[in-house]
There are 2 protein chains.
Amino acid sequence: MTRRHNRTRADRGIPEATVARLPVYLRVLHSLQERGVATVSSEELAAAAGVNSAKLRKDLSHLGSYGTRGVGYEVDYLVYQISRELGLTQDWVVAIIGVGNLGRALAGYGGFASRGFRVAALFDSSPSVVGERISGLTVRHIDELESVIAEQGVSIAVIATPAAAAQSMCDRVVAAGVTSVLNFAPVVLSVPEGVDVRKVDLSIELQILAFHEQRKAGGPGDAEPAETAEEDWTGEMADRLKTDPDASADAHGDRQEGEKPSGTSQYIEAVEA
Amino acid sequence: MTRRHNRTRADRGIPEATVARLPVYLRVLHSLQERGVATVSSEELAAAAGVNSAKLRKDLSHLGSYGTRGVGYEVDYLVYQISRELGLTQDWVVAIIGVGNLGRALAGYGGFASRGFRVAALFDSSPSVVGERISGLTVRHIDELESVIAEQGVSIAVIATPAAAAQSMCDRVVAAGVTSVLNFAPVVLSVPEGVDVRKVDLSIELQILAFHEQRKAGGPGDAEPAETAEEDWTGEMADRLKTDPDASADAHGDRQEGEKPSGTSQYIEAVEA
DNA sequence: GCCTGTGAAAATGTTCACAGCA
DNA sequence: TGCTGTGAACATTTTCACAGGC
């Protein structure tokens with residue numbers, strides 16, 4: 001009883017794994033539209049999306065029976081169905097918090113244009129940034145956060161502040177009514193029930209790649225797989241691994257990293273385009 | 001028989017889901033180190049990392065028995081073990097391809113400093129960018145890609161080019177010897193066996209949030225769950241959904257999007273003022 | 001008594017393989 | 001014949017719950 005109606009055809013319960021792939025299918029379908037392709041088979045679509053065709057068919061079957069046996073899927077129709085399922089047939093109002101290097105890149109990113117998202121406001125705390133015009137928007141001071149979010153009906157906030165400011169900014173946007181947060185700061189945000197958070201994190205991605213890269217060579221440290229517990233561990237190694245960065249307070253508030261490696265601070269994560 | 005040695009204690013087969021979480025634990029542990037915390041329980045660590053404690057314990061158990069019953073885990077030691085497992089006790093040489101808004105943000109991102117990653121080169125094709133100095137590095141022309149990758153021993157490439165250039169740049173870095181790629185361009189990259197690709201994609205994340213956001217309101221279109229197949233579909237809706245953006249070629253080669261709402265692009269620019 | 005490490009159960013996700021419709 | 005839609009097998013991941021060491 002997740003939703004009000006009694007389960008129908010496609011059922012309202014689409015698996016998370018499927019939801020995460022629908023945007024990929026949609027992107028491929030869009031480019032097929034551009035190339036004037038009218039129909040596509042699960043095999044072709046799957047190949048272009050980088051998944052196996054059985055998986056693609058099962059994914060699409062969760063939305064309903066939108067294909068034609070012996071033929072394939074009609075591109076336009078499928079685009080419409082997936083868009084509708086993802087909620088892209090309506091507009092979502094987005095606010096970007098933190099206008100540093102990353103925030104600028106995001107604000108200037110035409111990808112929001114991928115229909116469905118409208119960046120309505122940019123916020124920063126630094127006087128040297130507030131008032132600046134970026135991609136057609138004037139950067140506002142975070143003091144205006146609550147009022148602007150309410151006025152504009154922002155429902156998605158993109159947090160692109162330094163790690164130290166992320167949680168407090170998150171708390172504020174949530175208190176102001178935002179129910180979805182996309183976090184680019186390298187911290188684990190905690191939010192109340194009912195609020196969704198997704199994170200994008202460059203250093204995590206790099207570390208995962210490093211893990212596999214190491215495997216291609218040969219096990220951890222590229223040496224013996226470490227048999228016993230204490231093995232080659234020495235207290236002094238702890239120091240080599242100490243100079244942390246992450247959650248370290250930025251002393252200040254909302255300046256983005258990059259320019260000056262202020263103290264030990266660094267980080268501010270990832271991104272996207 | 002994944003690796004050469006016969007399975008030992010921790011076994012070389014760490015689940016992917018676990019690998020993806022280790023960096024998060026590591027980040028939390030680093031901040032505990034900074035705060036001078038010497039020991040932590042699975043409950044505390046899990047809470048800070050935003051996961052359930054049973055999951056955390058199982059994850060760590062894949063690395064070995066590094067905890068003490070009745071006590072918890074020694075922070076320094078765990079940092080060392082996770083770092084080693086992730087391959088962060090050695091340095092990985094990184095190259096960033098594409099120095100647009102995003103590439104700059106990435107290049108200036110101190111997060112690489114999180115030990116283990118060293119940005120050794122920046123590449124772009126635009127004459128107006130080549131030669132520029134960013135974060136201590138001089139931007140090189142992509143013609144030098146192959147030679148620099150070989151010289152510097154780059155093993156991880158970060159692709160921050162427009163969608164249209166991504167696959168060809170990927171092919172080149174792979175041919176030059178790179179075996180791990182972090183892709184920020186909105187395209188599905190295809191690579192030969194043995195090469196790892198991870199993607200970071202803003203619009204996909206936003207779309208996933210939109211899906212859940214829509215659910216909080218009420219089903220697709222916020223209207224009837226669409227009973228029959230043809231339902232409210234009309235051909236004209238196809239047009240509303242056509243003017244794609246994403247995979248659309250940028251005509252040029254390596255300029256980042258944002259500045260010029262090239263052609264059909266919408267939103268972003270016009271919005272607000 | 002407290003907290004780790006882990007079997008076993010449950011849930012989720014993937015792949016196979018084929019029935020059945022166009 | 002060709003390709004979708006889907007049961008059923010398989011694989012992975014999560015969660016439970018508790019045995020056992022400190």
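Below, chain A is the first sequence line, B the second, and so on; all start at residue 1.
When the side-chain nitrogen and oxygen atoms of B:Tyr73 are compared with OP1 and OP2 of C:dG5, one or more of them lie within a distance under 4.0 Å. The side chain of A:Ser65 places an N or O atom within less than 4.0 Å of a non-bridging phosphate oxygen (OP1 or OP2) of D:dG5. Taking side-chain N and O atoms only, A:Ser42 has a distance below 4.0 Å to OP1 or OP2 of D:dT4.
Although no hydrogens or angles enter the test, the distance criterion places a donor-acceptor pair under 3.5 Å between the side chain of A:Asn183 and the main chain of A:Val187.
Rounded to whole Å, the distance from CD on B:Glu44 to C1' on C:dC2 is 12 Å. Atom CZ in B:Arg57 sits roughly 14 Å away from atom P in D:dC18 (whole-Å rounding). Rounded to a whole Å, the OH atom of B:Tyr66 is 12 Å from the P atom of C:dT6. Separating the CD1 atom of A:Ile14 from the C1' atom of C:dT12 is a distance of 15 Å, rounded to the nearest angstrom.
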- Message: I need a per-nucleotide contact map over nucleotides 7-15 of chain D, read 5' to 3'. Cutoff is protein heavy atoms under 4.0 Å; write B for the base, S for backbone only, - otherwise.
- Response: BB----SSB
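Between A:Glu16 and A:Arg21, none of the side-chain N atoms (NZ, or NE/NH1/NH2) sits under 4.0 Å from a carboxylate O, so this pair counts as no salt bridge.
Taking five base pairs at each end of the helix from C:dG1-D:dC22 to C:dA22-D:dT1 and finding the rotation axis that steps the C1' atoms of four pairs onto the next four gives two axes whose angle is 0°, to the nearest 10°.
Shown are A:Val37, A:Leu45, A:Val24; of these, the side-chain contact (heavy atoms from CB on, under 4.5 Å) with A:Leu29 is made only by A:Leu45.
Looking at residues two or more places apart in sequence or on another chain, you find a salt bridge (charged side-chain N to carboxylate O under 4.0 Å, His left out) between A:Arg198 and B:Glu205. Applying the side chain to side chain donor-acceptor pair (under 3.5 Å) criterion to B:Ser155, with sequence neighbours excluded, gives no partner residue.
Listed by first then second residue, pairs satisfying salt bridge (Lys or Arg N to Asp or Glu O under 4.0 Å) with a partner in residues 36-57 of chain A number zero, not counting sequence neighbours.
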- Query: After noting the C-alpha distance and the side-chain angles of A:Leu202 and B:Val200, does the key distance pass the side-chain contact (heavy atoms from CB on, under 4.5 Å) rule?
  - Reply: CA-CA 8 Å; A:Leu202 169 68; B:Val200 173; over 6 Å; no
- Task: Go through the steps to decide whether A:Tyr66 and A:Tyr73 satisfy the test ring-ring contact (aromatic ring centres under 6.0 Å, His included), and finish with yes or no.
- Result: CA-CA 7 Å; A:Tyr66 297 145; A:Tyr73 301 88; 8.7 Å; no
Where do N or O atoms of nucleotides 19-22 of chain C meet protein N or O atoms at under 3.5 Å, pair by pair?
from: C:dG20; atom 1: N3; to: A:Arg69; atom 2: NH1; distance (Å): 3.4
from: C:dA22; atom 1: O4'; to: A:Arg69; atom 2: O; distance (Å): 3.4

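Looking at B:Ser203 and B:Asp201, their side chains do bring a donor and an acceptor atom within 3.5 Å of each other.
Within the 4.5 Å cutoff, the side chain of B:Val181 has no heavy atoms near those of the B:Ile156 side chain.
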